[in-house]
Protein chains: 2
Amino acid sequence: MKKRSPTICPIVFSLDTFGDTWSLVILRDILLFNKSHFREFLVSKEKIASNILSARLETLIDNGLLTKEADMNNKSAAIYKPTNKTLELLPMILEMMKWGVRYNPDTDRKSGPIMHLLLTDPEGLRTSVVSKFKA
Amino acid sequence: MKKRSPTICPIVFSLDTFGDTWSLVILRDILLFNKSHFREFLVSKEKIASNILSARLETLIDNGLLTKEADMNNKSAAIYKPTNKTLELLPMILEMMKWGVRYNPDTDRKSGPIMHLLLTDPEGLRTSVVSKFKA
DNA sequence: ATATAGTGGTTTCAAATTGCAACCGCTTTT
DNA sequence: AAAAGCGGTTGCAATTTGAAACCACTATAT
(Lines give C-alpha, C1' and ligand atoms only; values in the text may rest on other atoms or scores of the structure.)
Protein backbone atom coordinates (compact mmCIF):
# COMPACT_ATOMS: atom_id res chain seq x y z
CA MET A 1 0.00 0.00 0.00
CA LYS A 2 1.36 3.32 -1.05
CA LYS A 3 2.10 6.10 1.40
CA ARG A 4 2.47 9.82 1.06
CA SER A 5 4.80 11.85 3.23
CA PRO A 6 3.68 13.38 6.55
CA THR A 7 0.85 15.79 5.89
CA ILE A 8 -0.78 18.68 7.66
CA CYS A 9 -4.11 17.86 6.00
CA PRO A 10 -6.50 15.73 8.05
CA ILE A 11 -8.14 14.35 4.93
CA VAL A 12 -4.87 13.19 3.44
CA PHE A 13 -3.84 11.75 6.79
CA SER A 14 -7.05 9.73 6.89
CA LEU A 15 -6.58 8.55 3.33
CA ASP A 16 -3.05 7.46 4.10
CA THR A 17 -4.24 5.59 7.16
CA PHE A 18 -7.24 3.66 5.82
CA GLY A 19 -7.97 5.09 2.39
CA ASP A 20 -7.12 2.16 0.18
CA THR A 21 -9.43 -0.27 -1.56
CA TRP A 22 -9.57 -2.82 1.24
CA SER A 23 -9.01 -1.40 4.70
CA LEU A 24 -12.55 -0.17 5.24
CA VAL A 25 -13.94 -3.45 3.94
CA ILE A 26 -11.93 -5.28 6.60
CA LEU A 27 -13.00 -2.81 9.28
CA ARG A 28 -16.62 -3.18 8.18
CA ASP A 29 -16.40 -6.95 8.58
CA ILE A 30 -14.95 -6.52 12.07
CA LEU A 31 -17.18 -3.72 13.32
CA LEU A 32 -20.49 -4.66 11.77
CA PHE A 33 -20.31 -8.33 10.88
CA ASN A 34 -18.50 -9.63 13.94
CA LYS A 35 -15.63 -11.17 12.04
CA SER A 36 -12.24 -11.55 13.66
CA HIS A 37 -10.34 -14.31 11.86
CA PHE A 38 -8.22 -14.30 8.74
CA ARG A 39 -10.35 -16.92 7.01
CA GLU A 40 -13.52 -15.00 7.74
CA PHE A 41 -12.22 -11.93 5.93
CA LEU A 42 -11.30 -14.08 2.95
CA VAL A 43 -14.85 -15.25 2.33
CA SER A 44 -16.59 -11.86 2.15
CA LYS A 45 -18.38 -11.05 -1.08
CA GLU A 46 -15.57 -8.78 -2.23
CA LYS A 47 -13.09 -11.68 -2.50
CA ILE A 48 -9.89 -10.13 -1.20
CA ALA A 49 -6.77 -12.13 -2.06
CA SER A 50 -4.97 -13.66 0.87
CA ASN A 51 -1.68 -11.90 0.18
CA ILE A 52 -3.38 -8.54 0.04
CA LEU A 53 -5.37 -9.30 3.17
CA SER A 54 -2.17 -10.22 4.94
CA ALA A 55 -0.53 -6.94 3.92
CA ARG A 56 -3.55 -4.83 4.88
CA LEU A 57 -3.93 -6.41 8.29
CA GLU A 58 -0.28 -5.63 8.89
CA THR A 59 -0.58 -1.96 7.95
CA LEU A 60 -3.80 -1.62 9.96
CA ILE A 61 -1.94 -2.95 12.98
CA ASP A 62 1.01 -0.65 12.24
CA ASN A 63 -1.38 2.28 12.05
CA GLY A 64 -2.93 1.39 15.38
CA LEU A 65 -6.32 0.44 14.01
CA LEU A 66 -6.22 -3.24 14.86
CA THR A 67 -4.72 -5.51 17.46
CA LYS A 68 -3.81 -9.11 16.89
CA GLU A 69 -3.98 -11.62 19.68
CA ALA A 70 -3.91 -15.37 20.03
CA ASP A 71 -7.16 -17.26 20.19
CA MET A 72 -6.94 -19.19 23.46
CA ASN A 73 -9.32 -21.80 22.11
CA ASN A 74 -7.06 -22.56 19.19
CA LYS A 75 -3.31 -22.12 19.16
CA SER A 76 -3.17 -21.75 15.39
CA ALA A 77 -5.85 -19.07 15.28
CA ALA A 78 -5.45 -15.29 15.58
CA ILE A 79 -8.06 -12.78 16.60
CA TYR A 80 -8.13 -9.30 15.13
CA LYS A 81 -9.84 -6.60 17.15
CA PRO A 82 -10.50 -2.89 16.64
CA THR A 83 -8.84 -0.27 18.81
CA ASN A 84 -10.43 2.88 20.21
CA LYS A 85 -8.89 4.70 17.27
CA THR A 86 -11.04 2.51 15.03
CA LEU A 87 -14.19 2.88 17.12
CA GLU A 88 -13.77 6.64 16.80
CA LEU A 89 -13.95 6.15 13.07
CA LEU A 90 -17.55 4.99 13.37
CA PRO A 91 -19.11 8.45 12.88
CA MET A 92 -17.31 8.74 9.55
CA ILE A 93 -18.17 5.20 8.54
CA LEU A 94 -21.84 5.73 9.37
CA GLU A 95 -21.94 8.96 7.35
CA MET A 96 -20.31 7.10 4.48
CA MET A 97 -22.95 4.41 4.75
CA LYS A 98 -25.79 6.95 4.82
CA TRP A 99 -24.44 8.51 1.65
CA GLY A 100 -23.98 5.11 0.03
CA VAL A 101 -27.53 4.07 0.82
CA ARG A 102 -28.82 7.36 -0.55
CA TYR A 103 -27.06 7.04 -3.90
CA ASN A 104 -26.63 3.33 -4.51
CA PRO A 105 -29.81 1.90 -6.01
CA ASP A 106 -28.48 -1.61 -5.45
CA THR A 107 -28.23 -1.13 -1.70
CA ASP A 108 -29.65 -3.97 0.32
CA ARG A 109 -31.98 -1.86 2.43
CA LYS A 110 -34.25 -4.47 3.93
CA SER A 111 -32.21 -7.39 5.14
CA GLY A 112 -30.57 -7.33 8.50
CA PRO A 113 -31.00 -4.98 11.43
CA ILE A 114 -27.97 -2.87 10.52
CA MET A 115 -29.48 -1.11 7.52
CA HIS A 116 -32.66 -0.46 9.43
CA LEU A 117 -30.81 1.00 12.41
CA LEU A 118 -28.61 3.07 10.12
CA LEU A 119 -31.63 4.90 8.79
CA THR A 120 -33.67 5.10 11.98
CA ASP A 121 -31.12 5.45 14.79
CA PRO A 122 -27.51 5.76 13.61
CA GLU A 123 -26.30 6.98 16.99
CA GLY A 124 -27.85 3.94 18.61
CA LEU A 125 -26.09 1.78 16.06
CA ARG A 126 -22.81 3.48 16.89
CA THR A 127 -23.10 2.99 20.62
CA SER A 128 -24.14 -0.62 20.21
CA VAL A 129 -21.06 -1.32 18.09
CA VAL A 130 -18.83 0.47 20.59
CA SER A 131 -20.24 -1.41 23.55
CA LYS A 132 -19.75 -4.69 21.74
CA PHE A 133 -16.00 -4.11 21.85
CA LYS A 134 -15.70 -2.23 25.13
CA ALA A 135 -17.29 -5.14 26.95
CA MET B 1 -8.93 3.53 -11.24
CA LYS B 2 -10.09 0.08 -10.39
CA LYS B 3 -13.73 -0.83 -10.02
CA ARG B 4 -15.55 -3.61 -8.31
CA SER B 5 -18.82 -5.04 -9.56
CA PRO B 6 -22.19 -3.66 -8.44
CA THR B 7 -22.49 -4.06 -4.69
CA ILE B 8 -25.25 -4.12 -2.15
CA CYS B 9 -22.88 -2.68 0.47
CA PRO B 10 -23.03 1.09 0.94
CA ILE B 11 -19.42 1.21 2.13
CA VAL B 12 -18.12 -0.59 -0.92
CA PHE B 13 -20.28 1.58 -3.15
CA SER B 14 -18.74 4.67 -1.60
CA LEU B 15 -15.23 3.29 -1.96
CA ASP B 16 -15.86 2.51 -5.59
CA THR B 17 -17.19 6.02 -6.18
CA PHE B 18 -14.54 8.16 -4.49
CA GLY B 19 -12.35 5.80 -2.48
CA ASP B 20 -9.09 6.07 -4.35
CA THR B 21 -5.96 7.97 -3.44
CA TRP B 22 -6.85 11.20 -5.20
CA SER B 23 -10.59 11.81 -5.53
CA LEU B 24 -11.10 13.21 -2.05
CA VAL B 25 -8.04 15.41 -2.42
CA ILE B 26 -9.58 16.94 -5.52
CA LEU B 27 -12.96 17.33 -3.82
CA ARG B 28 -11.23 18.94 -0.82
CA ASP B 29 -9.58 21.49 -3.11
CA ILE B 30 -12.92 22.29 -4.70
CA LEU B 31 -15.10 22.32 -1.60
CA LEU B 32 -12.76 23.89 0.92
CA PHE B 33 -10.08 25.72 -1.04
CA ASN B 34 -12.20 27.23 -3.78
CA LYS B 35 -10.28 25.67 -6.61
CA SER B 36 -11.98 24.94 -9.91
CA HIS B 37 -9.30 24.78 -12.63
CA PHE B 38 -7.08 21.94 -13.79
CA ARG B 39 -3.88 23.88 -13.13
CA GLU B 40 -5.00 24.72 -9.61
CA PHE B 41 -5.40 21.05 -8.72
CA LEU B 42 -1.94 20.36 -10.08
CA VAL B 43 -0.19 22.70 -7.67
CA SER B 44 -1.57 21.35 -4.39
CA LYS B 45 0.95 20.07 -1.88
CA GLU B 46 0.22 16.46 -2.79
CA LYS B 47 1.57 16.85 -6.34
CA ILE B 48 -0.87 14.83 -8.38
CA ALA B 49 0.39 13.98 -11.88
CA SER B 50 -1.50 15.59 -14.73
CA ASN B 51 -2.45 12.31 -16.40
CA ILE B 52 -3.84 10.94 -13.14
CA LEU B 53 -5.68 14.19 -12.47
CA SER B 54 -7.19 14.00 -15.92
CA ALA B 55 -8.37 10.44 -15.35
CA ARG B 56 -9.80 11.20 -11.90
CA LEU B 57 -11.71 14.26 -13.05
CA GLU B 58 -13.22 12.12 -15.74
CA THR B 59 -14.38 9.37 -13.36
CA LEU B 60 -15.69 11.96 -10.90
CA ILE B 61 -17.77 13.43 -13.70
CA ASP B 62 -18.89 9.95 -14.77
CA ASN B 63 -19.91 9.22 -11.18
CA GLY B 64 -21.93 12.41 -10.99
CA LEU B 65 -19.72 14.13 -8.44
CA LEU B 66 -18.44 16.93 -10.67
CA THR B 67 -19.64 18.99 -13.58
CA LYS B 68 -17.38 20.54 -16.15
CA GLU B 69 -18.29 23.77 -17.87
CA ALA B 70 -16.56 26.34 -19.98
CA ASP B 71 -15.10 29.40 -18.33
CA MET B 72 -16.80 32.30 -20.14
CA ASN B 73 -13.87 34.55 -19.31
CA ASN B 74 -11.43 32.26 -21.07
CA LYS B 75 -12.29 29.96 -23.95
CA SER B 76 -9.43 27.57 -23.18
CA ALA B 77 -10.32 27.23 -19.51
CA ALA B 78 -12.67 24.72 -17.86
CA ILE B 79 -14.43 25.07 -14.55
CA TYR B 80 -15.09 22.05 -12.37
CA LYS B 81 -17.92 22.31 -9.87
CA PRO B 82 -19.39 19.97 -7.25
CA THR B 83 -22.88 18.50 -7.62
CA ASN B 84 -25.49 18.06 -4.90
CA LYS B 85 -24.28 14.49 -4.64
CA THR B 86 -20.90 15.88 -3.64
CA LEU B 87 -22.31 18.44 -1.24
CA GLU B 88 -24.14 15.61 0.49
CA LEU B 89 -20.76 14.02 1.05
CA LEU B 90 -19.79 16.87 3.36
CA PRO B 91 -20.99 15.19 6.57
CA MET B 92 -18.70 12.26 5.85
CA ILE B 93 -15.81 14.49 4.84
CA LEU B 94 -16.18 16.55 8.02
CA GLU B 95 -16.23 13.43 10.19
CA MET B 96 -13.13 12.23 8.37
CA MET B 97 -11.46 15.56 9.07
CA LYS B 98 -12.40 15.46 12.74
CA TRP B 99 -10.84 12.04 13.06
CA GLY B 100 -7.75 13.13 11.15
CA VAL B 101 -7.26 16.15 13.38
CA ARG B 102 -7.67 13.97 16.46
CA TYR B 103 -5.05 11.44 15.44
CA ASN B 104 -2.59 13.29 13.20
CA PRO B 105 -0.07 15.14 15.36
CA ASP B 106 1.15 17.02 12.30
CA THR B 107 -2.26 18.57 11.64
CA ASP B 108 -2.17 22.26 10.94
CA ARG B 109 -4.65 23.27 13.63
CA LYS B 110 -4.09 26.99 13.83
CA SER B 111 -3.87 28.45 10.35
CA GLY B 112 -6.96 29.31 8.42
CA PRO B 113 -10.58 29.57 9.50
CA ILE B 114 -11.47 26.08 8.29
CA MET B 115 -9.70 24.15 11.01
CA HIS B 116 -11.10 26.46 13.65
CA LEU B 117 -14.63 26.09 12.35
CA LEU B 118 -14.24 22.32 12.05
CA LEU B 119 -13.63 22.05 15.78
CA THR B 120 -16.04 24.73 16.99
CA ASP B 121 -18.95 24.63 14.55
CA PRO B 122 -18.76 21.86 11.96
CA GLU B 123 -22.41 22.22 11.00
CA GLY B 124 -21.85 25.91 10.35
CA LEU B 125 -18.86 25.00 8.21
CA ARG B 126 -20.99 22.57 6.26
CA THR B 127 -23.78 25.04 5.57
CA SER B 128 -21.31 27.74 4.57
CA VAL B 129 -19.70 25.40 2.03
CA VAL B 130 -23.09 24.37 0.69
CA SER B 131 -24.31 27.94 0.31
CA LYS B 132 -21.09 28.83 -1.50
CA PHE B 133 -22.14 26.51 -4.32
CA LYS B 134 -25.89 26.88 -4.15
CA ALA B 135 -25.53 30.62 -4.71
C1' DA C 1 -1.13 -43.15 15.72
C1' DT C 2 -2.48 -41.66 11.64
C1' DA C 3 -4.87 -39.20 8.37
C1' DT C 4 -7.74 -35.12 7.38
C1' DA C 5 -9.11 -30.70 7.74
C1' DG C 6 -8.55 -25.95 9.58
C1' DT C 7 -5.56 -22.02 10.55
C1' DG C 8 -2.84 -18.06 9.04
C1' DG C 9 -0.40 -17.08 6.06
C1' DT C 10 3.94 -16.93 1.85
C1' DT C 11 5.52 -17.40 -2.90
C1' DT C 12 5.32 -16.75 -7.70
C1' DC C 13 4.34 -14.35 -11.58
C1' DA C 14 1.43 -11.89 -15.05
C1' DA C 15 -1.47 -7.93 -15.55
C1' DA C 16 -3.01 -3.51 -14.28
C1' DT C 17 -2.07 0.92 -12.26
C1' DT C 18 0.79 4.70 -11.08
C1' DG C 19 3.92 8.40 -11.58
C1' DC C 20 7.34 11.07 -13.92
C1' DA C 21 8.72 13.79 -17.75
C1' DA C 22 8.23 15.46 -22.02
C1' DC C 23 5.29 17.15 -25.27
C1' DC C 24 0.99 19.27 -27.68
C1' DG C 25 -2.77 22.21 -29.64
C1' DC C 26 -5.40 25.93 -28.63
C1' DT C 27 -6.17 30.62 -26.49
C1' DT C 28 -4.88 34.74 -24.32
C1' DT C 29 -1.67 38.26 -23.26
C1' DT C 30 2.35 41.12 -24.30
C1' DA D 1 4.73 37.99 -33.76
C1' DA D 2 6.29 35.95 -29.42
C1' DA D 3 5.52 34.25 -24.99
C1' DA D 4 2.78 32.52 -21.52
C1' DG D 5 -1.47 30.15 -19.83
C1' DC D 6 -4.74 26.57 -20.46
C1' DG D 7 -6.24 21.64 -20.29
C1' DG D 8 -4.68 18.09 -21.25
C1' DT D 9 -1.97 13.47 -23.96
C1' DT D 10 1.89 10.28 -24.78
C1' DG D 11 5.60 7.14 -23.66
C1' DC D 12 7.67 4.46 -20.52
C1' DA D 13 9.67 2.59 -16.11
C1' DA D 14 8.47 1.27 -11.55
C1' DT D 15 5.20 -0.12 -8.29
C1' DT D 16 1.08 -2.44 -6.94
C1' DT D 17 -2.35 -5.74 -7.49
C1' DG D 18 -4.61 -10.20 -7.92
C1' DA D 19 -5.05 -15.09 -8.89
C1' DA D 20 -3.29 -19.54 -7.83
C1' DA D 21 -0.55 -22.66 -5.84
C1' DC D 22 1.70 -23.90 -1.97
C1' DC D 23 3.25 -24.33 3.10
C1' DA D 24 4.00 -25.11 8.18
C1' DC D 25 1.65 -25.72 12.13
C1' DT D 26 -2.45 -27.12 15.00
C1' DA D 27 -6.66 -29.49 15.93
C1' DT D 28 -9.90 -33.05 15.02
C1' DA D 29 -11.70 -37.48 13.54
C1' DT D 30 -10.78 -42.51 12.75
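Quick caveat, the model's predicted, so the values are computed rather than measured.
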Listed by chain and number, what are the side chain to side chain contact (heavy atoms under 4.5 Å, CB included) partners of A78(B), not counting sequence neighbours? K68(B), Y80(B)
Assigning hydrophobic clusters by single linkage (Ile, Leu, Val, Met, Phe, Trp, Tyr; side-chain heavy-atom cutoff under 4.5 Å), is I30(B) placed with L42(B)? yes
B/S/- along nucleotides 11-21 of chain D (protein heavy atoms under 4.0 Å) is B-----SBB-B
Which residues satisfy the side-chain hydrogen bond (donor to acceptor under 3.5 Å, both in side chains) test with R39(A), sequence neighbours excluded? none
Taking only residues two or more places apart in sequence, or in another chain, which ones meet D16(A) in a side chain to side chain contact (heavy atoms under 4.5 Å, CB included)? K3(A), R4(A), V12(A)
Partners meeting side chain to side chain contact (heavy atoms under 4.5 Å, CB included) with I114(A) (sequence neighbours left out): L32(A), F33(A), M97(A), L125(A)
Which atoms of nucleotides 22-29 of chain D (N or O only) lie under 3.5 Å from a protein N or O atom, and what are those distances?
{"from": "dA27(D)", "atom 1": "OP1", "to": "K75(A)", "atom 2": "N", "distance (Å)": "2.7"}

Which angle, rounded to 10°, do you find between the first-five-pair axis and the last-five-pair axis of the helix from dA1(C)-dT30(D) to dT30(C)-dA1(D)? 10°
First and last nucleotide of DNA chain C in contact with chain A, 5' to 3', at under 4.0 Å to a heavy atom: what are they? dG6(C) to dG19(C)
Is there a side-chain contact between F13(B) and I8(B), using heavy atoms and a 4.5 Å cut-off? no
Pairs satisfying side-chain hydrogen bond (donor to acceptor under 3.5 Å, both in side chains), at least one member in residues 124-135 of chain A, at least two apart: N34(A)-K132(A), N84(A)-K134(A), E123(A)-R126(A)
Closest non-hydrogen atom pair, T107(B) against G100(B): OG1-O, 3.6 Å
Y80(B) OH to dC6(D) C1': how many Å, rounded? 11 Å
Any chance NZ of K45(B) has more than 12 other-residue heavy atoms, nucleotides or ligands included, within less than 6.0 Å? yes
Pairs satisfying ring-ring contact (aromatic ring centres under 6.0 Å, His included), at least one member in residues 100-130 of chain A, at least two apart: W99(A)-Y103(A)
Kindly write out the residues that satisfy side-chain hydrogen bond (donor to acceptor under 3.5 Å, both in side chains) with K35(B), not counting sequence neighbours, or none if the list is empty. none
Whole angstrom is fine here: how far is it from CD in E58(B) over to P in dG7(D)? 16 Å
Would you mind writing out the side-chain donor-acceptor pairs for residues 48-55 of chain B within the sub-3.5 Å range, not counting sequence neighbours?
none

Is there a chain of hydrophobic side chains (I, L, V, M, F, W, Y, each step under 4.5 Å between heavy atoms) that links I61(A) to V25(A)? yes
